[in-house]
Amino acid sequence: MRLIILEDAGVVADWAARFVLQRITQFAPGPGRHFVLGLPTGGTPLGMYRRLIDFYKEGRLSFKYVTTFNMDEYVGLPRDHPESYHYYMWNEFFKHVDIDPGNAHVLDGNAADLVGECRRFEELIAAAGGVHLFIGGIGPDGHIAFNEPGSSLVSRTRVKTLAYDTLEANKRFFGNDISKVPRQALTVGVGTVMDAKEVMILITGVHKSLALAKAVEEGVNHMWTVSAFQQHAQALFVCDEDATLELRVKTVKYFKALSEEHQKMIDGVPVDEQRVLH
Ligand code: PGA
């Protein structure tokens with residue numbers, strides 16, 4: 001596991017976008033050879049999406065041969081509701097780049113058969129050959145996607161009832177009215193994300209600092225589902241200074257001393273060479 005500590009949320013957004021640019025470029029996608037990305041929604045990745053759109057507009061990056069799978073979607077929220085993740089992904093990212101909408105997969109929270117929809121999503125990921133890079137955010141309670149505290153760490157895509165902490169955290173998007181936040185969501189499982197070849201988790205803000213400490217310094221624990229990624233062979237936690245407040249000084253010093261190596265990850269160092277640095 002790598003912990004990449006950067007100055008603030010803006011630098012995290014820029015670093016994450018450069019990392020995606022680097023990975024897609026190194027993979028050299030083309031017809032019949034798609035790069036497969038797992039994508040999150042929420043406030044944290046917005047800056048990364050804006051930088052990726054810039055890279056596309058500057059002609060440095062194309063999504064023509066990129067297939068995406070989103071982490072989650074609310075159940076029962078109309079697709080064109082401004083808080084649905086379909087709406088978010090289309091408006092914040094997909095419509096600004098050259099991705100083929102047929103390759104941009106978001107779970108359908110209005111499907112008549114929700115269990116069947118979750119199964120279909122897993123099958124689509126498998127048919128795409130698995131995810132090369134899954135990007136995620138976390139909640140203050142340490143959830144990854146909507147894998148709330150207590151979720152199985154080998155879970156697959158399924159229907160999940162949201163925890164009170166999540167309803168509280170997300171009510172800001174629903175006029176601060178908790179009763180308007182959908183109670184259920186479809187979400188990839190922890191196991192689904194664990195299957196990706198590489199995972200990058202973005203964590204910013206002091207309100208995530210306890211979750212980051214639990215994820216990095218304590219044991220794997222299903223009450224902090226993001227901690228499962230301690231056991232992933234290629235996991236990056238990219239955070240800002242504020243998110244480190246609950247970490248030990250020793251932990252912060254150790255990872256900060258590696259910042260030169262971390263810089264190489266976005267400066268064009270071949271993937272094989274980076275692996276040696278773990
Ligand atoms: P946020 O949400 O990026 O809006 O903080 C992350 C999450 O709840 O997973």
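Counting convention: from 1, in listed order, for ligands and their atoms alike.
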Inset, instruction - Indicate whether any N or O donor in one side chain lies under 3.5 Å from an N or O acceptor in the other, for Glu168 and Tyr164. - result: yes
Inset, instruction - Answer yes or no for Arg2 and Phe255: cation-pi contact, defined as NZ/CZ to six-membered ring centre under 6.0 Å and angle to ring axis within 45°. - result: no
Legend entry - Counterpart residues, side chain to side chain contact (heavy atoms under 4.5 Å, CB included), relative to His34 (two or more places apart): Tyr65, Thr67, Asn103
Inset, instruction - Would you check if the distance from the ring center of Phe146 to the ring center of Tyr74 is below 6.0 Å? - result: yes
Legend entry - Near ligand 1, at a heavy-atom separation below 4.0 Å: residues by chain and residue number: Gly42, Gly43, Thr44, Gly137, Ile138, Gly139, His143, Arg172, Lys208
Legend entry - Distance-only side-chain donor-acceptor flag, Lys214 / Ser227, under 3.5 Å: no
Inset, instruction - Say whether His86 and Glu73, considering side chains only, have a donor N or O and an acceptor N or O under 3.5 Å apart. - result: yes
